[in-house]
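Below: the structure, in structure tokens.
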Amino acid sequence: MTVKTRFAPSPTGFLHVGGARTALFSWLYAKSKGGKFVLRIEDTDIERSTQEAVDAILEGMTWMGLTWDEGPFYQTKRFDRYKDLIQKLLDEKKAYKCYCSKERVNDLREKQEAAGEAPRYDGKCRDLEPQENDLPFVIRFKNPKEGSVAFDDHVRDHIEFSNTELDDLIIQRTDSTPTYNFCVVVDDWDMQITHVVRGEDHINNTPRQINILKALGAPIPEYAHVAMILGDDGAKLSKRHGAVSVMQFRDDGYLPEALKNYLVRLGWSHGDQEIFSEAEMIELFTLDRVNKAPSAFNNDKLIWLNQHYIKTLDPAYVAEHLQWHMQTQNIDMTNGPALSDVVTALAERAKTLVDLASSSRYFFEEYKEFDATAAKKHLRPVAKGALQLVQQKLQDCNDWCDETLHDLIQKTADELEVGMGKVGMPLRVAITGAGQSPSLDVTLRLIGKERSLVRISRALDFIAAREAAQ
Ligand code: GLU
């Protein structure tokens, strides 16, 4: 039997990290079994579903690399199928028309709540003979009155509900649209889903769905209900904890590999291993090691993973992701080094791609002004001689490579009989505008000869102006 899993978001907002983790687990399980992963858009709530949210989900899934083998299927395109099956259940007397008014149902609920009972439909219309009339009605599923529904959840083990706890669920509304629990069941059946991996907020729907599946004569899939993600304060993860939408993590400068690795470890483990390549995740993932308890989101760990991937992934690949941030930060890349070389130079220090982009600006554009502290400290009249000599040597340099550039700075310091720092720091401030950069040879190489010389002149002018003002 081919394993088939699905991710079935309702398009009412962005792709939340909780949803993304469920999708990841579902995707990994399918991949780990050589199976298929289906994407289904549950858009039957027409009032709340938007095309924008559908696009956001597809964008988030694509960015995460969670590719689907089938779909996206849209429930709104399958209404005829749901209708046919509802009719079949009516014909077989496994469902019935309920004419109870909203007022009656509300009254009933209020009374039950006042008596401390769980609200449930009392079955008034359950045994009515079919009748011809123009009254508005809903269609309810005839839930068995006796016995119980049990399933062995891959995460939460054995779960059992007594049928007396379940009432006759509405499967078609007064406006003749089918309801969520019914559509899910039909889709899981038609799409031959073998494993339903979803959020634990759906546990209470599962016995109802199993009863409907049985009534339809459909096979029962296996279930895995994944716990919630909490913020670092123990409350349900929400916007006030920072980013919660997958695309917000992209905007904040995370690589999809980091978010994926972070999410897989959030609620699943394999010994004490923290770093997993995609191939390892696929090889090692099992539903049985998914944690029952909710997990708390920890941003520091995500940053740590992001740094790891910025440093270790192919710089050309990191550069592809960086490109978007360069554009977002309006960095004009018309002139300058290859972006992958910039990644190699700056990866060691960058926590996020946002940092990486902003600290790369001087490779492409003239800096606006010198960093005041660095200039005060290093662009002093005493530095003039060193800058002039190093500029001269750079001017004469015909082999613009790291080794030659390194030697050239060393020679300047030797000739002046000063430490490397006395040449290096003024030079660094001159060519980058600030006191921090990768090693000078790399920085000079990437900035290029022409620009480096112009910038040293700019620093000399700055020193001259400072002298004149004294
Ligand atoms: N559409 C449901 C949701 O977004 C998921 C249903 C399911 O996975 O069965 O919560």
Side-chain angles (χ1 to χ4, degrees), residues 3-30 36-61 64 66 68 70-79 82 141 149 151 153-156 159 161 169 171 173 177-213 216 218-229 236-238 244-246 267 287 290 294:
V3 163
K4 221 167 167 194
T5 64
R6 58 17 168 228
F7 179 51
S10 304
T12 53
F14 48 71
L15 179 61
H16 186 278
V17 276
R21 187 186 57 165
T22 305
L24 175 63
F25 285 179
S26 188
W27 182 86
L28 280 174
Y29 188 68
K36 289 205 171 353
F37 175 67
V38 175
L39 179 61
R40 179 168 84 219
I41 305 291
E42 303 208 320
D43 55 351
T44 51
D45 186 344
I46 293 160
E47 305 254 285
R48 294 178 61 224
S49 301
T50 64
Q51 184 57 42
E52 217 185 335
V54 172
D55 294 342
I57 290 165
L58 300 182
E59 187 185 25
M61 296 285 287
M64 292 270 291
L66 299 177
W68 47 95
E70 290 176 23
F73 297 111
Y74 293 85
Q75 291 188 322
T76 42
K77 301 221 168 97
R78 293 176 38 80
F79 276 5
Y82 308 135
F141 172 67
V149 197
F151 58 100
D153 193 274
H154 278 272
V155 178
R156 309 188 58 106
I159 300 184
F161 287 82
L169 188 77
I171 55 176
R173 302 182 189 92
T177 56
T179 58
Y180 157 73
N181 274 299
F182 189 73
C183 301
V184 168
V185 159
V186 175
D187 289 352
D188 284 342
W189 180 26
D190 284 354
M191 294 167 197
Q192 297 173 318
I193 301 303
T194 59
H195 292 76
V196 171
V197 181
R198 62 183 171 194
E200 66 175 6
D201 45 331
H202 288 287
I203 285 189
N204 289 337
N205 288 325
T206 307
R208 298 175 178 284
Q209 293 181 5
I210 291 177
N211 281 339
I212 301 176
L213 284 162
L216 290 169
I220 314 295
E222 294 181 34
Y223 293 92
H225 286 95
V226 179
M228 276 191 310
I229 300 182
K236 190 166 180 228
L237 189 68
S238 73
V244 282
S245 117
V246 164
L287 287 171
V290 171

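First listed ligand is number 1; within each ligand, the first listed atom is number 1.
Within a 6.0 Å sphere centred on CD of E70, heavy atoms belonging to other residues, nucleotides or ligands number more than 12. Dense packing is recorded around CZ of R173, with more than 12 heavy atoms of other residues, nucleotides or ligands lying under 6.0 Å away. Heavy atoms from other residues, nucleotides or ligands lying under 6.0 Å from NZ of K36 number 12 at most.
Residues A30 and T5 approach most closely at CB-OG1, 3.4 Å, considering heavy atoms.
Here R6 does not pair with D187 in a salt bridge; the nearest charged N to carboxylate O distance is not below 4.0 Å.
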List below, pair by pair, the N or O atoms of ligand 1 and of the protein that are less than 3.5 Å apart, including the distance to 0.1 Å; reply 'none' if no pair qualifies.
residue	atom	partner	partner atom	Å
ligand 1	1 (N)	A8	O	2.8
ligand 1	1 (N)	S10	OG	2.9
ligand 1	1 (N)	E42	OE1	2.6
ligand 1	4 (O)	S10	N	3.2
ligand 1	4 (O)	S10	OG	3.2
ligand 1	8 (O)	R6	NH1	2.6
ligand 1	9 (O)	R6	NH1	3.4
ligand 1	9 (O)	R6	NH2	2.8
ligand 1	9 (O)	Y180	OH	3.3
ligand 1	9 (O)	R198	NH1	2.7
ligand 1	10 (O)	H202	NE2	2.9

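The only option from Y29, F151, F7, F25 that meets the ring-ring contact (aromatic ring centres under 6.0 Å, His included) definition with H195 turns out to be Y29.
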